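A short worksheet on the structure shown next.
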Amino acid sequence: MPICELRNVTRSYGTGEARVDALREVSLAIEPGEFTVFCGPSGSGKTTLLNQIGCLDAPTEGELLIEGRPTARMSSRELSRLRADKIGFVFQSFNLIPVLTALENIELSLELAGRNQGVREAAQAMLPQVGLEGLGHRRPNQLSGGQQQRVAVARALVKRPLLVIADEPTANLDSVNGEQVLDTMRRLNASLHTTFLFSSHDPRVVAHARRVITLRDGRIVSDEVRQPGSAGVA
Ligand code: ADP
Ligand code: MG
């Protein structure tokens, strides 16, 4: 069973003359363990689509299913639970809490998911997995952008989510740091089998993905799975 499925999802903003269809009848299934990028020019609907999959926003028309369950039938409370337990988010601008250390930022994710046992140990165990061993005591402003984004990846992964959604995770990083963040995500995809969905319009980032879904004007215009051995495959 796909972990996530969109059936003819349309998302419109505004009405009448001012109506914008940010997504138009998008159908898509995501299987466990995918490492998938959404690409396409600015305004093509990448953020709108990731917000749908992350249950941060609801379709205007069509249906979204998470693990086979239609989200339209869930209460807002159930949706919040689902987001906290099952979906890890990584943002373009890192969004770490500045007054907390790296380790505390990671711990907070578990606490928000309602877990209160072994929190420190689980957070500690993430640090080497994102290449930040020994840096857990630092605050975000004492870390480089790439290190901050790897804290954000650890924060998303520590609760062992069903999927991680990263909207333009490397857009605020130079190419070396961006590369390290992607490598980290790819290694975690291989070791923990976590599903990663991310967006980018940088061809170097897109080259890392196994599946490349291209959007244009709110529609999927191509959906390719790269064969092992072809360029850009882990
Ligand atoms: P991308 O992430 O690929 O740049 P977006 O999903 O942000 O694209 O936007 C897709 C389209 O939807 C764009 O035309 C954008 O202007 C429009 N859009 C996005 N969010 C809103 C909003 N809150 N209100 C009105 N239009 C929006
Ligand atoms: Mg966007």
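On a predicted model such as this, the values are computed, not experimentally measured, just so you know. Start at 1 and go down the list; that is how both ligands and their atoms are numbered.
Taking Ile, Leu, Val, Met, Phe, Trp and Tyr as hydrophobic and joining them when side-chain heavy atoms fall under 4.5 Å apart, one finds Val99 in a cluster with Ile97, Leu100, Leu108, Leu112.
For ligand 1, the atoms closer than 4.0 angstrom to any heavy atom of Ser42 are 4 (O). Heavy-atom contacts of Pro41 reach the following atoms of ligand 1: 3 (O) (cutoff under 4.0 Å).
Within the coordination shell of the Mg ion (ligand 2), defined by N, O or S atoms under 2.8 Å, Ser42 is absent.
At the top of the distance list for atom 7 (O) of ligand 1, counting protein heavy atoms only, stands Thr47 CB, 3.7 Å. What sits closest to atom 9 (O) of ligand 1 on the protein, heavy atoms only, is Thr48 OG1, 3.9 Å. The protein non-hydrogen atom at the shortest distance from atom 26 (N) of ligand 1 is Tyr13 CD1, 3.4 Å.
Between Ala152 and Val90 the shortest heavy-atom distance is O-CG2, 4.0 Å.
For Glu168 (side chain) and Ser200 (main-chain N/O), no donor-acceptor pair under 3.5 Å exists by modelled atom type. At least one donor-acceptor pair closer than 3.5 Å links the side chain of Ser27 to the backbone N or O of Asn8. A donor-acceptor distance shorter than 3.5 angstrom exists from the side chain of Arg115 to the backbone of Lys159, with no hydrogens or angles considered.
Within 4.0 Å of atom 5 (P) of ligand 1, at least one protein heavy atom is present. Of the protein's heavy atoms, at least one falls inside 4.0 Å of atom 13 (C) of ligand 1.
Using modelled atom types and a 3.5 Å distance limit, the side chains of Asn189 and Thr194 yield no donor-acceptor pair. With 3.5 Å as the limit, one finds no donor-acceptor pair spanning the side chains of Thr10 and Thr60. Using modelled atom types and a 3.5 Å distance limit, the side chains of Ser12 and Arg19 yield a donor-acceptor pair.
The N/O atoms of Ala22, backbone and side chain alike, include none that comes under 3.5 Å of an N/O atom in ligand 1. Considering backbone and side-chain atoms alike, Gly43 places an N or O below 3.5 Å from some N or O of ligand 1.
For Gly45, the heavy-atom gap to ligand 1 drops under 4.0 angstrom.
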